[in-house]
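Throughout, numbering of the chain's residues begins at 1 and tracks the sequence. Note that these values count all heavy atoms, side chains included, but never hydrogens, waters or copies made by symmetry.
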Amino acid sequence: MTQDDAFAADLLRGHTDTIVLGVLRQTDSYGFEIYKAIREATGGDHEIKEATLYATYRRLEKDGLVESYWGDETQGGRRKYYRITDAGRAVYRSKVAAWVATRRIIDTLLNVNDTAVKEQP
């Protein structure tokens, strides 16, 4: 892992809750399915460790942002599913708005635009 990769991973780590809430906006999912969705969405460039994700699920549930329920066992083992709550949707929207504002400020301060990024070697 390069220093740039480590920095990007640190930035993403701070947004794990928002990333999980974003996945759950699409549909209810069980733990490993969320892990796979994140990995696949990034083309394998980023994955969140399962232990980190399960701690995130517990925290989100404790905070009332997700609810869990047990799925039926007709398709294999018993799986705990998570669904986003209305409070979770509100927090997700707030966090995304904060990210967009932060990105705009950082891009301005770093004088970043899409052309400059494409021109880097």
Side-chain angles (χ1 to χ4, degrees):
M1 177 181 289
T2 69
Q3 186 174 8
D4 288 343
D5 293 339
F7 182 67
D10 284 344
L11 281 174
L12 287 166
R13 194 173 300 116
H15 297 279
T16 302
D17 290 2
T18 309
I19 292 166
V20 169
L21 291 172
V23 170
L24 291 174
R25 283 181 56 242
Q26 309 301 315
T27 187
D28 297 1
S29 297
Y30 59 91
F32 188 68
E33 192 172 48
I34 296 168
Y35 166 83
K36 289 190 308 186
I38 293 166
R39 187 183 65 213
E40 290 170 10
T42 65
D45 289 342
H46 180 67
E47 19 181 90
I48 300 173
K49 293 179 179 169
E50 288 182 66
T52 300
L53 284 173
Y54 284 97
T56 299
Y57 305 149
R58 286 190 299 274
R59 182 176 52 257
L60 291 173
E61 188 168 25
K62 180 179 76 63
D63 292 346
L65 305 180
V66 302
E67 300 171 332
S68 65
Y69 62 92
W70 291 103
D72 64 31
E73 299 174 26
T74 58
Q75 296 180 325
R78 191 169 183 213
R79 293 181 175 141
K80 190 178 205 178
Y81 284 79
Y82 299 91
R83 83 169 53 96
I84 191 169
T85 63
D86 289 341
R89 289 179 195 285
V91 166
Y92 173 80
R93 286 190 299 271
S94 173
K95 298 256 187 197
V96 168
W99 168 254
V100 169
T102 301
R103 179 178 176 208
R104 188 176 337 109
I105 291 166
I106 291 173
D107 284 352
T108 299
L109 292 172
L110 298 178
N111 195 25
V112 172
N113 60 44
D114 291 337
T115 306
V117 172
K118 291 176 186 173
E119 292 175 357
Q120 292 181 355

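Using a 4.5 Å cut-off between side-chain heavy atoms of Ile, Leu, Val, Met, Phe, Trp and Tyr, with links allowed through other members, Trp70 and Ile34 fall into different hydrophobic clusters.
Between the side chain of Ser94 and the backbone N or O of Ala90 there is no donor-acceptor pair closer than 3.5 Å.
Aromatic ring pairs are classed by plane angle as parallel below 30°, tilted from 30° to 60° and perpendicular above 60°; the pair Tyr81 and Tyr69 is parallel. Using bins of under 30°, 30° to 60° and over 60° for the plane-to-plane angle, the ring pair Tyr54/Tyr57 lands in the perpendicular bin.
Ion pairing between Lys95 and Asp17 fails under the 4.0 Å rule for side-chain N and carboxylate O.
Shortest non-hydrogen contact noted between His46 and Ile48 is NE2-CG1, 3.5 Å. Between Arg78 and Gly71, the shortest heavy-atom distance links the atoms CG-O, 4.2 Å. Closest non-hydrogen pair, Phe32 versus Glu50, comes out as CD1-OE1, 3.8 Å. Across Gly64 and Ala87, no two heavy atoms sit closer than the pair O-CB, 3.9 Å.
Considering NZ of Lys49 and OG1 of Thr56, their distance stands at 13.0 Å, rounded to 0.5 Å. Note: Thr52 OG1 to Tyr35 OH = 11.0 Å, rounded to the nearest 0.5 Å. Distance check, rounded to the nearest 0.5 Å: CG of Leu21 to OG1 of Thr16 gives 11.0 Å. Here the straight-line distance linking atom OH of Tyr92 with atom OG1 of Thr18 works out to 8.0 Å at 0.5 Å rounding. How far OG1 of Thr85 is from CD of Glu61: 10.0 Å, rounded to the nearest 0.5 Å. Taking OG of Ser68 as the start and CZ of Arg83 as the end, the distance is 9.0 Å to the nearest 0.5 Å.
Using a 4.5 Å heavy-atom threshold, the side chains of Leu60 and Ile84 count as separate.
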